[in-house]
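Below is one structure; the comments refer to it alone.
Atoms within a ligand are numbered from 1 in the order they appear, just like the ligands themselves.
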Amino acid sequence: MRIFVGRRVKPGSSLENTTRAWRGKHPHYKQKDCIGCQRCFLGCPEGCVYQMDKKRFDVNLDYCKGCGICAFECPVEDIDMVLETGCEDQP
Ligand code: SF4
Ligand code: SF4
């Protein structure tokens with residue numbers, strides 16, 4: 001039985017605005033230890049995480065704002081937050 005806590009609504013204008021230009025980090029989905037819990041998918045405020053298979057997810061980086069919620073929520077640490085090129089010297 002599937003139980004989802006909270007509510008997921010469609011993103012408003014998220015998919016009309018590309019956010020990659022001002023992002024400092026982006027998620028890297030390792031697709032190694034995923035258990036298919038969907039926490040990244042349900043928790044992404046931009047709705048840019050998508051499911052490829054039962055235990056395989058990825059992100060559309062054109063619309064990811066780099067908030068890191070997906071990586072924080074992943075219970076098996078299967079998502080790394082990676083610095084964008086050119087942000088290496090940022091604090
Ligand atoms: S970093 Fe934030 S915006 Fe990007 S995929 Fe993860 S939860 Fe969504
Ligand atoms: S939060 Fe982690 S384990 Fe859960 S679906 Fe996403 S990548 Fe898989």
- Note on the structure: Between Cys70 and Ile79, the two heavy atoms sitting closest are O-CD1, 3.5 Å

- Do you know which two heavy atoms are closest between Arg23 and Lys25, and how far apart they sit? CG-O, 2.8 Å

Under 4.0 Å from a heavy atom of [X]: give me the atoms of ligand 2 that qualify, with their elements.
X	answer
Gln38	4 (Fe), 5 (S)
Val76	3 (S)
Cys34	3 (S), 5 (S), 7 (S), 8 (Fe)

- Could you name the protein residues that come within less than 4.0 Å of ligand 1, counting only heavy atoms, and order them by chain and residue number? Pro27, Cys44, Pro45, Glu46, Cys48, Val49, Val59, Cys64, Lys65, Gly66, Cys67, Gly68, Ile69, Cys70

[X] versus [Y]: any side-chain heavy-atom pair under 4.5 Å?
X	Y	value
Cys48	Leu61	no
Pro45	Ile69	yes
Gln38	Phe57	yes

- Task: Look only at the side chain of Asp78 and the backbone of Asp33, and say whether a donor-acceptor pair between them is shorter than 3.5 Å.
- Result: yes

- Exam field: side chain Asp80 to backbone Val82, donor-acceptor pair closer than 3.5 Å: no

- Message: Lys65: which residues meet the salt bridge (Lys or Arg N to Asp or Glu O under 4.0 Å) condition with it, sequence neighbours left out?
- Response: Glu46

- Message: Using a 4.0 Å heavy-atom cut-off, which part of Ile35 comes near ligand 2: side chain, backbone, both, or neither?
- Response: both

